2 protein chains.
Amino acid sequence: MSQVSPDAIERLLSRRGYRLTAPRRNLLEVMAGLGDHFVAEGIVSAAPEVGRATVFRTLRLLQDLGVVCQVVLDDGTLAYRLAPEEHHHHVLCVECGAAEDFSSPALESVLREVEESTGFTVEAHRLELYGRCSVCRASDH
Amino acid sequence: MSQVSPDAIERLLSRRGYRLTAPRRNLLEVMAGLGDHFVAEGIVSAAPEVGRATVFRTLRLLQDLGVVCQVVLDDGTLAYRLAPEEHHHHVLCVECGAAEDFSSPALESVLREVEESTGFTVEAHRLELYGRCSVCRASDH
DNA sequence: GACTCTAACGAGACTACGTGTCAATAGCAA
DNA sequence: TTGCTATTGACACGTAGTCTCGTTAGAGTC
């Protein structure tokens, strides 16, 4: 629910020395309007006046800046989400598509456990949870 | 390390009423030979005599049968792995590509924790770990 | 071994998603 | 206002996977 505002992202861009162009402002508005999470193609069609390449370039830039993060949906497709900078994971509702962030200190101990049993050093990970949100559970019994 | 043998998979196929065709045998051999994990395109080029569509059809069939599972690599590309039927996760070496399976009971408590804090019911999840295996850590430096 | 039914196949066109190139444009600092 | 250059759009290209459809070949039956 707590989304990063387009304004805050614009300030971040200029602070980092990136230009504040019309297409970028445009895309930020569109993303904010697309809700919880969005796929690249959704942005492309929601902002037809912005070139295809620019959409993907901007998406990558925002990812590098840490204001947008990847979300792997349960069918394997890749989506994106405006998100806090700290490391976190997602719970996705398979029914309505709602997404929520969470971070789990307990996961750290799972990683340590795996390191011990496999001999690997774990340097990165992906975790996505899929289920049903409280609203959907309540509505269709 | 403990891979399912092509023979065992062939038996499973016929037991389930699927035909034991030459392309299927062929693909099973190829997959077993490609090592830890493999991408679809790798199979296509390693088995040029088998049609592209057949490779993907077979891959999906094997997934449905539970003898092949998806692996999301750290760069986001999708790979596959011959794997045990039980639910498990992967640790991938980003250097040599080695993969190992693990299952973690402790992860269950992470899921319960998230359910409580978010109000979601978690029905499925993906977890992939990326790091370096003991061999790679020992060899370079 | 021959017959038959139909699952499975191969070829190749097609779609979806993403990248690379390059000349034109427009931020923004001076 | 000017000039530098980051950024853009158009479009060709690449890659990953799907669909269609006429043909082939498992495998059960006689």
Side-chain angles (χ1 to χ4, degrees), chain A residues 6-7 9-31 34 37-65 67-81, chain B residues 6-7 9-31 34 37-65 67-81:
Chain A
D7 281 23
I9 300 176
E10 291 185 7
R11 281 194 297 276
L12 177 64
L13 279 173
S14 64
R15 203 178 331 130
R16 295 288 188 90
Y18 294 102
R19 290 186 184 168
L20 222 53
T21 66
R24 280 179 183 162
R25 287 172 199 273
N26 195 331
L27 291 178
L28 289 174
E29 284 303 324
V30 167
M31 289 179 198
L34 282 176
H37 58 269
F38 37 81
V39 295
E41 214 50 40
I43 304 175
V44 171
S45 52
E49 64 280 11
V50 176
R52 186 175 186 68
T54 301
V55 169
F56 285 97
R57 274 188 294 242
T58 305
L59 223 32
R60 186 156 7 149
L61 172 63
L62 294 178
Q63 252 182 280
D64 292 347
L65 288 176
V67 295
V68 155
C69 61
Q70 287 190 349
V71 182
V72 183
L73 303 186
D74 57 343
D75 65 355
T77 61
L78 206 57
Y80 299 89
R81 175 167 165 77
Chain B
D7 282 23
I9 300 177
E10 290 184 8
R11 281 194 296 276
L12 176 64
L13 280 173
S14 64
R15 203 178 332 130
R16 295 287 188 90
Y18 293 102
R19 291 186 185 169
L20 223 51
T21 66
R24 281 178 182 163
R25 287 171 199 272
N26 196 330
L27 291 178
L28 289 174
E29 285 301 327
V30 166
M31 288 179 199
L34 282 176
H37 58 270
F38 36 81
V39 295
E41 214 52 38
I43 303 175
V44 171
S45 51
E49 64 279 12
V50 175
R52 186 175 186 68
T54 301
V55 170
F56 286 95
R57 273 188 294 242
T58 306
L59 224 31
R60 186 154 9 147
L61 172 63
L62 295 178
Q63 253 182 279
D64 291 346
L65 288 176
V67 297
V68 155
C69 61
Q70 287 190 349
V71 182
V72 182
L73 303 186
D74 57 343
D75 64 357
T77 62
L78 207 57
Y80 299 88
R81 175 167 165 79

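Fair warning: this is a prediction, and the values are worked out from it, not measured in the lab. The chains referred to below are lettered A, B, ... by the order of the sequence lines, with proteins before strands, and numbering in each begins at 1.
Residue B:Leu65 holds its CG atom at 6.0 Å from CG of B:Leu13, rounded to the nearest 0.5 Å. Distance check, rounded to the nearest 0.5 Å: CG of B:Leu20 to CG of B:Leu28 gives 8.5 Å.
Note that the first and last nucleotides of DNA chain C, 5' to 3', having any atom under 4.0 angstrom from a heavy atom of chain A are C:dC17 to C:dC28.
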Heteroatom pairs (N/O) under 3.5 angstrom, protein to nucleotides 15-18 of chain D:
{"residue": "D:dG17", "atom": "N7", "partner": "B:Arg52", "partner atom": "NE", "Å": "3.1"}
{"residue": "D:dG17", "atom": "N7", "partner": "B:Arg52", "partner atom": "NH2", "Å": "2.9"}

All N/O pairs under 3.5 Å across the protein-nucleotides 22-26 of chain D interface:
{"residue": "D:dG26", "atom": "N2", "partner": "B:Arg19", "partner atom": "NH2", "Å": "3.0"}

Result block: side-chain N/O donor-acceptor pairs under 3.5 angstrom for residues 54-62 of chain A, not counting sequence neighbours:
{"residue": "A:Thr54", "atom": "OG1", "partner": "A:Arg57", "partner atom": "NH2", "Å": "3.2"}
{"residue": "A:Thr58", "atom": "OG1", "partner": "A:Thr54", "partner atom": "O", "Å": "2.7"}

What side-chain donor-acceptor pairs closer than 3.5 Å can you find for residues 39-53 of chain A, not counting sequence neighbours?
{"residue": "A:Glu41", "atom": "OE1", "partner": "A:Arg52", "partner atom": "NH2", "Å": "3.4"}
{"residue": "A:Glu41", "atom": "OE2", "partner": "A:Arg52", "partner atom": "NH1", "Å": "3.4"}
{"residue": "A:Ser45", "atom": "OG", "partner": "A:Glu41", "partner atom": "O", "Å": "3.1"}
{"residue": "A:Ser45", "atom": "OG", "partner": "A:Gly42", "partner atom": "O", "Å": "3.3"}
{"residue": "A:Glu49", "atom": "OE2", "partner": "A:Asn26", "partner atom": "ND2", "Å": "2.8"}

Return a table of donor-acceptor pairs under 3.5 angstrom between the side chains of residues 67-74 of chain A and protein atoms on other chains or two or more places apart.
none

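B:Val50 comes within 4.0 angstrom of sugar-phosphate atoms only, judged by non-hydrogen atoms across all strands, and of no base.
A:Asp75 meets the side chain to side chain donor-acceptor pair (under 3.5 Å) test with A:Thr77; sequence neighbours excluded.
DNA chain D is contacted by both B:Ser14 and A:Leu61; A:Leu61 maps to the nucleotide lying nearer its 5′ end (nearest heavy atom per residue).
Among residues at least two apart or in separate chains, salt bridge (Lys or Arg N to Asp or Glu O under 4.0 Å) pairs with a member in residues 11-27 of chain A are A:Glu10-A:Arg25.
Taking the C1' atoms of five terminal pairs at each end of the helix from C:dG1-D:dC30 to C:dA30-D:dT1, the two resulting helix axes are inclined by 30°, rounded to 10°.
Distance, A:Glu49 CD to D:dA10 P: 11 Å, rounded to whole Å.
A:Gln63 and A:Tyr80 get closest at one heavy-atom pair: OE1-CE2, 3.4 Å.
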